[in-house]
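Okay, structure first, notes after.
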Amino acid sequence: MALKLRNTMSRSMETFEPLEPGRVLVYGCGPTVYDHAHIGNFRAFLFYDLVHRYLEWSGYEVRFVVNLTDVDDRTIRGAVAEGVGIAEHTGRFAELFLADSGALGIRPVDAYPRATEYVDRMVEFITRLLDSGHAYVAEDGAVYYSIARFAEYGRLKGIDLSTLRAGARVAQDEYEKEDARDFALWKAATDEDERAGAAWDAPWGRGRPGWHLECSVMSTTELADTIDLHLGGEDLVFPHHENEIAQSEAATGEPFVHYWLHVKHLLVDGRKMSKSLGNFFTVRELVDQGFDPASIRHQLISAQYRKELNFTLEGLEASKNAIQRLVDFESRLDALSTDAEAARTDLPTLADDLLEEFRVAMDDDFNSADALAALFTFVNRVNGALDGRPTVRAGDRDAALGALGSVDAVLGLLEVARASRAIGDELAAHVEERIRARAEAKRQRDFAAADAIRDELAEQGIVLEDGPDGTRWKVVR
RNA sequence: GGCGCCGUAGCCAAGCUGGUAAGGCAGAGGACUGCAAAUCCUCGAUCCCCGGUUCGAGUCCGGGCGGCGCCUCCA
């Protein structure tokens with residue numbers, strides 16, 4: 001069995017074969033750090049995380065790079081509006097992005113290169129394209145890539161260049177281009193650029209790099225001329241990735257990327273997310289409203305990455321409950337007492353089944369929805385096997401916990417849920433004290449008092465569970 | 001206009017190379033409990049419509065209807 005991927009380039013499923021056995025190079029187009037990233041962005045980044053974790057889970061050594069776009073129209077505009085330099089402006093949002101990523105359990109990748117740190121290399125890159133005749137300096141001081149010089153242009157998107165309506169969308173200030181469809185590698189500096197500190201010297205004139213260029217340069221610099229996977233949102237297929245291919249392959253003479261994977265855009269309340277529709281959410285807002293990051297993570301991976309996913313508060317509520325079921329399940333396993341003499345159970349078999357079903361699901365182009373189904377099927381089966389059986393063999397319990405942990409090393413749900421449920425020692429001690437008081441009340445059959453304590457703790461998000469061997473408690477959110 | 005996706009139970013969502021349908025949430029009944037919580041058991045689908053291929057189609061083909069996305073330096 002092997003991992004199969006839907007390659008945008010071939011428009012079909014392909015069996016994944018790394019360039020180098022056991023090793024995978026991945027590049028994911030990151031956020032433009034001009035504002036808070038929203039949950040739509042995070043659907044994509046959570047998918048990156050799934051790819052990252054699953055490749056490692058599958059035994060690959062992975063080098064994963066996600067760029068931070070810190071120089072473009074929006075970051076410059078933002079910096080000028082704030083009256084600060086571009087670095088200060090974008091630095092703040094880069095931090096917020098990493099913080100939100102961390103909250104959602106997105107594992108840090110190997111490098112987060114920022115465009116502004118690669119300007120020298122971008123200049124070199126452009127020089128190569130100029131030398132080979134793939135680019136030209138226009139009268140306005142900009143450097144454009146000449147797509148007429150790249151025969152394969154349009155292949156990723158599957159467009160026939162001759163059908164492109166030349167000139168249909170040409171801005172008036174772009175009359176310097178030889179061909180309307182040529183794109184900028186370098187833009188001449190404007191006053192605004194200078195004010196934001198977003199202008200650099202280059203042999204052909206002062207200016208700043210074009211957007212598409214950074215990914216080509218950072219990918220080839222941080223990874224290699226040819227990499228295995230390149231990820232991005234569906235909007236990036238054209239022209240961004242198309243342009244990256246053209247630039248990179250013209251500059252290096254090597255294939256740029258083996259597999260292109262694109263994430264479908266998230267819908268919110270059945271519509272494209274937009275501020276004007278009022279369906280615009282950031283992770284921070286949702287967390288401030290009391291939603292568990294684990295719930296957000298669950299909701300955003302509940303559909304396979306190429307499928308339509310409609311984010312709603314109702315759905316988030318459902319995810320919250322699903323997460324709680326997982327948390328309760330793990331607690332139940334943890335609390336199991338063990339005895340070498342206990343009867344054998346199906347847990348080892350069920351654990352093997354889970355790992356197998358999980359692998360099959362993820363191997364099928366990262367079908368996280370199916371992977372979640374495998375996990376919950378496991379929960380059901382194990383709960384059933386454990387019914388009325390508080391004691392099992394240590395090996396059985398460990399097999400179940402091991403499989404659960406293994407799967408969660410990819411899904412990251414329990415990992416995040418645990419973090420958001422952690423409470424301080426002081427509160428924990430208080431809870432224990434109240435539970436003792438309640439036990440005493442129960443002993444005296446003063447159920448009103450016992451229930452009052454239970455209600456009081458519930459107010460604080462602490463739920464009590466009475467069992468044969470005493471009262472257990474858990475944090476609910 | 002170009003490219004593409006989707007339409008499966010109240011909601012979300014799997015279903016590979018065709019053989020009468022995973023999982024989550026919500027809901028109903030029951031068991032357990034002082035009451036709860038957790039858990040278990042039981043209960044739910046004309047798979048958008050119409051044709052076609054086939055012994056047999058959610059699953060393939062054709063045609064409709066409906067929804068959505070990208071094509072704009074938006075993941």
Side-chain angles (χ1 to χ4, degrees), chain A residues 4 8 11 13 28-32 34 37-48 69 71-76 157-160 163-165 168-169 171 183-184 187 210-212 214 231-240 262-267 270-274 298-299 302-312 314-315 317-326 328-329 331-332 357 360-361 364 367-380 383-388 442 445 447-448 450-451 454-455 458 463-468 471-474 476:
Chain A
K4 288 198 172 55
T8 305
R11 269 170 284 288
M13 292 285 275
C29 279
T32 299
Y34 75 108
H38 52 67
I39 53 169
N41 296 312
F42 277 108
R43 178 189 193 184
F45 303 137
L46 239 13
F47 169 63
Y48 295 5
T69 297
V71 54
D72 84 323
D73 290 352
R74 290 168 298 166
T75 58
I76 291 169
K157 178 68 176 177
I159 50 174
D160 179 355
T163 67
L164 259 189
R165 290 170 299 167
R169 280 216 176 82
F183 57 91
K187 296 182 168 188
W211 174 46
H212 311 299
E214 65 176 84
L231 320 176
E234 60 176 334
D235 56 305
L236 299 182
V237 176
F238 187 89
H240 187 54
H262 292 96
V263 188
K264 197 166 177 68
H265 276 183
L266 180 73
L267 297 180
R271 312 280 333 182
K272 178 176 177 171
M273 178 167 37
S274 76
H298 177 271
Q299 180 65 192
S302 65
Q304 198 250 7
Y305 76 96
R306 284 189 290 108
K307 292 298 183 74
E308 181 175 292
L309 174 58
N310 183 21
F311 185 95
T312 62
E314 293 70 35
E317 197 65 30
S319 286
K320 183 185 100 175
N321 294 330
I323 289 292
Q324 191 59 48
R325 182 167 167 79
L326 280 182
D328 289 342
F329 176 65
S331 303
R332 181 178 190 179
E357 288 168 17
V360 168
D364 183 21
N367 192 339
S368 50
D370 216 12
L372 284 170
L375 173 57
F376 279 97
T377 297
F378 174 71
V379 172
N380 287 333
N383 270 329
L386 250 30
D387 211 33
K442 280 177 67 176
R445 302 200 65 78
F447 295 119
D451 290 353
R454 187 168 63 194
D455 292 345
V463 171
L464 303 187
E465 297 181 358
D466 294 333
T471 298
R472 289 161 34 76
W473 59 276
K474 66 183 182 186
V476 170

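Just so you know, these numbers use all the heavy atoms, side chains as well, and skip hydrogens, waters and symmetry mates. Residue numbers start from 1 in every chain, and the chains themselves are labelled A, B, ... in the order their sequence lines are given, proteins ahead of strands.
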Both distances below 3.5 Å, Watson-Crick or wobble geometry, any strand: find the nucleotide opposite B:C60. B:G52
Can you tell whether the side chains of A:R325 and A:D328 come within less than 4.0 Å, N to carboxylate O? no
[X] side chain: which of [options] is closest?
{"X": "A:A322", "options": "B:G34, B:C25, B:A75", "answer": "B:C25"}
{"X": "A:H265", "options": "B:A38, B:G69, B:U72", "answer": "B:G69"}
{"X": "A:K157", "options": "B:C70, B:C74, B:G24", "answer": "B:C70"}
{"X": "A:L267", "options": "B:A37, B:G69, B:A26", "answer": "B:G69"}
{"X": "A:K272", "options": "B:A36, B:A75, B:C70", "answer": "B:C70"}
{"X": "A:A318", "options": "B:A75, B:C25, B:U72", "answer": "B:C25"}

Mind running side chain to side chain contact (heavy atoms under 4.5 Å, CB included) on A:Q304 and A:K264 for me, showing each step along the way? CA-CA 9 Å; A:Q304 198 250 7; A:K264 197 166 177 68; over 6 Å; no
Sticking with atom [atom1], work out how far [N] lies from [M], rounded to a whole angstrom.
{"N": "B:U17", "M": "B:C60", "atom1": "P", "result": "7 Å"}
{"N": "B:G19", "M": "B:C11", "atom1": "P", "result": "26 Å"}
{"N": "B:G1", "M": "B:A57", "atom1": "C1'", "result": "35 Å"}

Nucleotide by nucleotide, 5' to 3', does protein get under 4.0 Å of the base (B), only the sugar-phosphate (S), or neither (-) in nucleotides 5-19 of chain B, counting heavy atoms? SS------SSS----
Hey, does the side-chain of A:D235 have a donor or acceptor N/O within less than 3.5 Å of a partner on the base of B:C71? no
Does any N or O donor sit under 3.5 Å from an N or O acceptor when you compare the side chain of A:R43 with the base of B:A75? no
Regarding A:D451, tell me which of base, sugar-phosphate or nothing describes its non-hydrogen contacts under 4.0 Å with the strands shown. base
Just checking A:D466: base, sugar-phosphate only, or nothing, at a heavy-atom cut-off of under 4.0 Å? base
Side-chain heavy atoms of A:H265 within contact of A:M273, under 4.5 Å: no
Does A:F376 stack onto the base of B:G23, taking stacking as ring centres under 5.5 Å apart and planes under 30° apart? no
Please walk me through it: do A:L231 and A:V263 pass side chain to side chain contact (heavy atoms under 4.5 Å, CB included)? CA-CA 8 Å; A:L231 320 176; A:V263 188; 6.0 Å; no
Mutual orientation of the aromatic rings belonging to A:Y305 and A:F47 [parallel < 30°, tilted 30-60°, perpendicular > 60°]: parallel
Nearest-nucleotide check on RNA chain B, A:V463 vs A:R74; residue mapping nearer the 5' end is A:V463
Note: for A:N383 and A:H298 on RNA chain B, the residue whose nearest nucleotide lies more 5' is A:H298
Can you tell me the distance, in whole Å, between the CE atom of A:M273 and the C1' atom of B:C68? 15 Å
